[in-house]
Structures are given as structure tokens and as C-alpha cells.
Amino acid sequence: QVQLVESGGGLVQAGGSLRLSCAAAGLTFSSYSLGWFRQAPGKEREFVGAISWSGSNIYYGDSVKGRFTISRDNGKNTLYLQMNSLKAEDTAVYYCAAPRFRGTTYSYLARSASYDYWGQGTQVTVSS
């Protein structure tokens with residue numbers, strides 16, 4: 001079955017950086033677009049960003065544009081999220097996810113309902 005395992009979370013000071021990884025198994029990695037979402041306590045799940053299966057389409061949520069970068073290594077079946085200039089409001093559990101269909105549009109990839117497969121999440125805490 002499909003497994004997505006996030007790592008790289010932790011505690012960092014405001015202004016610092018972290019890189020999250022998402023290792024995938026049980027799917028043809030290079031055929032899937034992938035997304036990052038986050039959820040803070042008491043808040044709804046928020047779209048962070050997504051990358052199409054080819055890597056040619058990359059999208060970001062408004063709150064992270066210019067600070068976060070998504071990339072993928074199809075040879076390692078791994079998705080990455082480089083987070084720079086972190087703010088206290090970035091504190092959340094971060095999830096990687098794979099969608100059901102091979103869509104590549106923003107409207108499709110920004111919706112959590114498009115995703116069938118989710119990792120267990122990794123906690124990111126930014127101290128101010």
C-alpha cells in the first residue's frame with residue numbers, strides 16, 4: 001500500500017530555516033503530483049504548496065510564497081519542502097499527500113479533498 005513518511009520537523013527560532021522530507025513507497029512516484037498541507041491547533045488544514053508529477057508546475061499558498069520552496073527527487077522517491085524566514089504563524093503539523101488522479105492544475109492540487117494518500121505529519125514549531 002501507499003506510504004508517505006514525513007521527517008525534518010522540529011523547533012526553530014523565527015527567521016530560521018527547516019527542510020522537510022517526505023519519503024514515498026508503494027506508488028509510482030514519478031507519476032504522481034504531490035502536495036504539502038499544514039494544520040495548526042484549532043484551525044483548518046491549509047494548502048502550503050504542490051508540485052506536478054513532471055515538476056513543471058509548482059504552486060504555493062499565499063502565506064508561504066517567496067519563503068518556501070517545493071522540490072522532488074524522483075530517483076529517491078522523495079518530496080521536499082525548504083522553509084526559510086520562518087514565522088511563528090508557520091507553527092503547525094505539516095503533511096505530505098498524493099492525489100487520487102493525475103491532475104496538475106492549481107484548482108485541483110490546492111484542494112485537500114483531491115488527495116487520497118496522507119503521511120502521518122511532522123511538527124514544526126517556530127518560536128518568536
Side-chain angles (χ1 to χ4, degrees):
Q1 71 272 25
V2 175
Q3 285 189 316
L4 301 172
V5 180
E6 302 94 338
S7 61
L11 175 64
V12 63
Q13 288 189 334
S17 298
L18 280 175
R19 188 175 83 153
L20 304 185
S21 299
C22 173
L27 74 170
T28 305
F29 186 81
S30 59
S31 296
Y32 279 82
S33 298
L34 298 160
W36 286 102
F37 289 78
R38 67 186 183 185
Q39 190 164 20
K43 295 188 176 181
E44 292 188 355
R45 190 164 291 185
E46 178 188 9
F47 173 70
V48 174
I51 183 168
S52 63
W53 58 272
S54 66
S56 58
N57 301 90
I58 300 177
Y59 308 107
Y60 296 98
D62 288 342
S63 61
V64 307
K65 278 181 184 175
R67 299 188 298 121
F68 290 12
T69 303
I70 292 176
S71 61
R72 63 189 297 162
D73 185 335
N74 288 345
K76 294 183 178 180
N77 284 10
T78 303
L79 173 72
Y80 301 101
L81 181 66
Q82 177 66 43
M83 306 186 294
N84 298 330
S85 303
L86 283 161
K87 306 175 182 179
E89 50 264 44
D90 295 317
T91 295
V93 177
Y94 283 71
Y95 300 90
C96 67
R100 182 179 315 165
F101 299 115
R102 205 179 182 190
T104 60
T105 63
Y106 174 85
S107 60
Y108 177 72
L109 293 175
R111 294 174 61 244
S112 61
S114 299
Y115 294 80
D116 260 0
Y117 309 109
W118 293 83
Q120 83 290 347
T122 186
Q123 176 71 46
V124 171
T125 302
V126 184
S127 62
S128 56

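Because the structure is a prediction, the values reported are computed rather than measured.
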Check your understanding: In terms of hydrophobic clusters joined by side-chain contacts under 4.5 Å, are Y80 and Y94 together?
Key -> no

Exercise for review: Compute the centroid of each ring, for Y115 and then for F37, and state whether the two points are separated by less than 6.0 Å.
Suggested key: yes

Exercise for review: To the nearest 0.5 Å, tell me how far R102 CZ sits from S54 OG.
Suggested key: 8.5 Å

Check your understanding: Is there side-chain contact between R38 and V124, with at least one heavy-atom pair below 4.5 Å?
Key -> no

**Study point:** Electrostatic pair D90-K87, nearest N-O below 4.0 angstrom
**Key:** no

Check your understanding: With a 4.5 Å heavy-atom cut-off, do Q39 and Y95 have their side chains touching?
Key -> yes

Revision key, fill the gap. Rounded to the nearest 0.5 angstrom, the CG-OG distance for L81 and S71 is 8.5 Å

Check your understanding: Taking atom NZ of K43 and atom OG1 of T91, what is their separation to the nearest 0.5 Å?
Key -> 9.5 Å

Exercise for review: Indicate yes or no: at least one non-hydrogen side-chain atom of M83 is less than 4.5 angstrom from one of W36.
Suggested key: no

Practice item. Determine the interplanar angle of the Y106 and F47 rings, folded into 0 to 90°, and report it as parallel if under 30°, tilted if 30 to 60°, perpendicular if over 60°. Key: perpendicular

Check your understanding: Is I70 linked to F68 within one hydrophobic cluster, defined over Ile, Leu, Val, Met, Phe, Trp and Tyr using a side-chain heavy-atom separation of less than 4.5 Å?
Key -> yes

Point to revise | Under 3.5 Å donor-acceptor, S114 side chain and P99 backbone | key: no

Exercise for review: Report yes if some heavy atom in the side chain of C96 is under 4.5 Å from a heavy atom in the side chain of L34; otherwise report no.
Suggested key: no

Review point. Do you know which two heavy atoms are closest between G35 and L79, and how far apart they sit?
Key: O-CD2, 4.1 Å

**Study point:** Closest non-hydrogen atom pair between L4 and C22, with its separation
**Key:** CB-SG, 4.0 Å

Study note, to complete from the structure: On a heavy-atom basis, the closest approach of L27 and A98 is CD1-CB, 4.3 Å

Review point. Does V12 have any side-chain contact (heavy atoms from CB on, under 4.5 Å) partners at least two apart in sequence or in another chain, and if so, which?
Key: L18, L86, V126

Point to revise | Exercise: identify the closest heavy-atom pair between V2 and G26 | key: CG2-O, 3.6 Å

Point to revise | From NZ (K76) to CZ (F29), nearest 0.5 Å | key: 11.5 Å

Point to revise | F101-Y59 co-clustered via ILVMFWY side chain contacts under 4.5 Å | key: yes

Practice item. Provide the closest heavy-atom pair for A50 versus L109 in the form atom of the first, atom of the second, distance. Key: CB-CB, 3.8 Å

**Study point:** Euclidean distance, S52 OG relative to N57 CG, rounded to 0.5 Å
**Key:** 4.0 Å

**Study point:** Minimal non-hydrogen separation, S33 against G103, with atom names
**Key:** OG-O, 3.0 Å

Review point. Checking E6 side chain against G121 main chain: does a donor-acceptor pair fall under 3.5 Å?
Key: yes

Review point. Going from CD on Q123 to CG on L11, what distance comes out if it is rounded to the nearest 0.5 angstrom?
Key: 9.5 Å

**Study point:** Residue pair Y60, T69: steps toward the side chain to side chain contact (heavy atoms under 4.5 Å, CB included) verdict
**Key:** CA-CA 8 Å; Y60 296 98; T69 303; 3.8 Å; yes

